[in-house]
Amino acid sequence: MSLTVYNTLIRKKVPFTTIESGRVRMYVCGPTVYDHAHIGHAKLYVSMDVILRYLRYTGLDVLYVQNITDVGHLLDSGEDRIMKGARREQTDPMQVVERYMRSYMDDMDALQNIRPDIMPRAAGHVPEQIAAVEQLIKNGNAYEINGSVYFDVSSFPEYGKLSGRKIDELQEGTRLDVSTDKRRPEDFALWKRADPEHIMRWSSPWGEGFPGWHIECTVMASKYLGANFDIHGGGLENVFPHNECEIAQSEALSGKTFANFWLHAGSLTVSGVKMSKSLDNSVTIQNALIDYPAEVIRMFVLSSHYRSPIDYSKEAVNAAYRGWQRLTGPALAVQQALLSTQDSNTPKVDFSSAIKLTRDEFTAAMNDDFNAPKAIACLFDFAKNVNGLLSEYPRPDDTTLQSIDKVYNDLAGTVLGLLPSNSTTYVNHENKLIEILVELRNAARQQKDFATSDSIRDKLATAGVILEDGLSGTTWKTDLSNPSD
RNA sequence: GGCGACGUGGCCAAGUGGUAAGGCAGGGGCCUGCAAAGCCCUUAUUCGCGGGUUCGAAUCCCGCCGUCGCCUCCA
């Protein structure tokens, strides 16, 4: 079975094909770096990360580009986001950009998202953006008025093909006052004249100004991926206007189809409503990571399909936490079991059919438009089988355990990024000390000194170390967070 | 007003024509020195509502209702 994906452009699930055999060129809209990233970003970029990981897992060579928006875009109030950040922190705009770009990358690293191959910055591509705007004017797709340049939407008949909007149906000015400079309300800015107080400004043929929001993606995607590439990803709320405008500019510029496949992730709400500063319900990734391990945030995101909207709530994430523990429990138990020596008379078990079934069903799920929730359900079934196997005594042979370990590493680890980054099987001082305490406790248990053994267990629990007694010995795991909070 | 997404058990959620996966929470049992974890059993005659097509519909069609997002610089 081969991969099918839902393409927003045609609103259908279709077989995935690449322009160049074995190679995928993929672009995802990155963040505007003027504040810490929030869990809405986590939802989008974990979704895209799993798409990237799965494409690579199937053997495709993926070139992944994600931009950083670090030129000033405007808030509803007409205020520059980055200038606002700079004033808030009484610092230089580019310092704000650096600070939050690093914060964003730290968050993405913490969430186990694979770094893009190229992260171009808009401010570093102003000459290319000016050149693109000049070309659009030459082509008759844009016009200059009072130091600003606008794209003439009427010059691009396919405008609206991604979002399904028709120009004459747009209700203008619902959110922002229509600029008086524009010929038509639906025209959008390619270049904006900088007001005197505007700090982020560049020289251009039209005077001092700054690039429009959409042109950076057009320029940077085509620079690093070519005028026609395979996948463009982003958030559903960016379909219109951002992605629609990208298509108009890019295709007017090159005459070629921009991206073949448009993949959009559903948006995230907090307790049923959109996050916003005014509602004060914004949850940063940093704060979420105080409450939950990164893998739990991933588990939460992946527990619904990437195109579906999700609602962030304590209850939902706690449920994901419990589910994640159930999913990864046997993976850790297998690793710990492999540390002990195999019993000489261990009967060889044939677990290969369960392994094959899991791999086949997992792949089928992911091939169906990256259906991670269904893929995770396959892993739950697998976990049940592995738990049954591990409860037998003596423990299964090394070969069987190693092949199970491989399944977890490939599917839960490589593809979904759900395996804990800190393994309890690492040889380090802390783990060694825990194992010494476990040995002391077991000695007490053998002498039926349960007061001592329970005391050791309880005290370790207060340090976040949970002991579990099984037929093949005692295993332990860490549980530093409290999901019931 | 327009465009789009969504509406499945107490909660989350998969399922696009063949008779409702999975997880969380709850109940019962087994296992355990006691726990924890795990295992077994159990919880939707029903998929927002009303029509229609069909031998057969959560899935297709029509009409409503509701939630959310977007409507020109929010991921």
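Here is the naming used below: chain letters follow the sequence lines, and residue numbers restart at 1 for every chain.
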Which atom pairs, one a donor and one an acceptor, fall under 3.5 Å between side chains of residues 461-469 of chain A and the rest of the protein, sequence neighbours left out?
{"residue": "A/T462", "atom": "OG1", "partner": "A/K459", "partner atom": "O", "Å": "2.6"}
{"residue": "A/E468", "atom": "OE2", "partner": "A/K477", "partner atom": "NZ", "Å": "3.2"}
{"residue": "A/D469", "atom": "OD1", "partner": "A/R441", "partner atom": "NH1", "Å": "3.1"}
{"residue": "A/D469", "atom": "OD1", "partner": "A/R445", "partner atom": "NH1", "Å": "3.4"}
{"residue": "A/D469", "atom": "OD1", "partner": "A/T474", "partner atom": "OG1", "Å": "2.9"}
{"residue": "A/D469", "atom": "OD2", "partner": "A/R441", "partner atom": "NH2", "Å": "2.9"}

Say you pick atom C1' in B/U45 and the same atom in B/A20; how far apart are they, in whole Å? 11 Å
Check the distance between B/A21's P and A/I376's CD1 and give it to me in whole angstrom. 19 Å
Touch check for A/A189, heavy atoms < 4.0 angstrom, all strands: base, sugar-phosphate only, or nothing? base
Reckon A/H242 touches a base, only the sugar-phosphate, or nothing at all at heavy-atom distances under 4.0 Å? nothing
What's A/E468 touching, base or sugar-phosphate or nothing? Going by heavy atoms closer than 4.0 Å. base
Taking donor-acceptor contacts at under 3.5 Å, does the side chain of A/Y150 reach the base of B/U72? no
Considering Watson-Crick and G-U wobble pairs with both distances under 3.5 Å, what does B/U32 pair with? none
Measure distances between side-chain N and O atoms of A/D381 and base N and O atoms of B/G22, and say whether any donor-acceptor pair falls under 3.5 Å. no
Will you find, in the side chains of A/Y100 and A/D70, an N or O donor that is under 3.5 Å from an N or O acceptor? no
I need the CG-C1' distance between A/N371 and B/U16, as an integer number of Å. 13 Å
Check every strand shown and say whether A/S303 touches a base, only sugar-phosphate, or nothing at a heavy-atom separation below 4.0 Å. sugar-phosphate
Value in whole Å for how far the P atom of B/A5 lies from CZ of A/R307: 9 Å
Picking from B/C6, B/G15, B/C24, the nucleotide nearest the side-chain atoms of A/P309 would be B/C6
According to a cutoff of under 5.5 Å between the ring centres and under 30° between the ring planes, does A/F380 stack with the base of B/G23? no
Base-pairing mate for B/G69 - Watson-Crick or G-U, with both contacts under 3.5 Å: B/C3
Expressed in whole Å, how much space separates the C1' atoms belonging to B/A13 and B/A75? 23 Å
What nucleotide among B/A14, B/A35, B/U72 has an atom nearest to a side-chain atom of A/P241? B/U72
Taking the P atom of each, how far is B/G66 from B/G28, in whole Å? 42 Å
Quick one: label A/L379 by what it contacts on the DNA or RNA (base, sugar-phosphate, nothing), any heavy atom closer than 4.0 Å. nothing
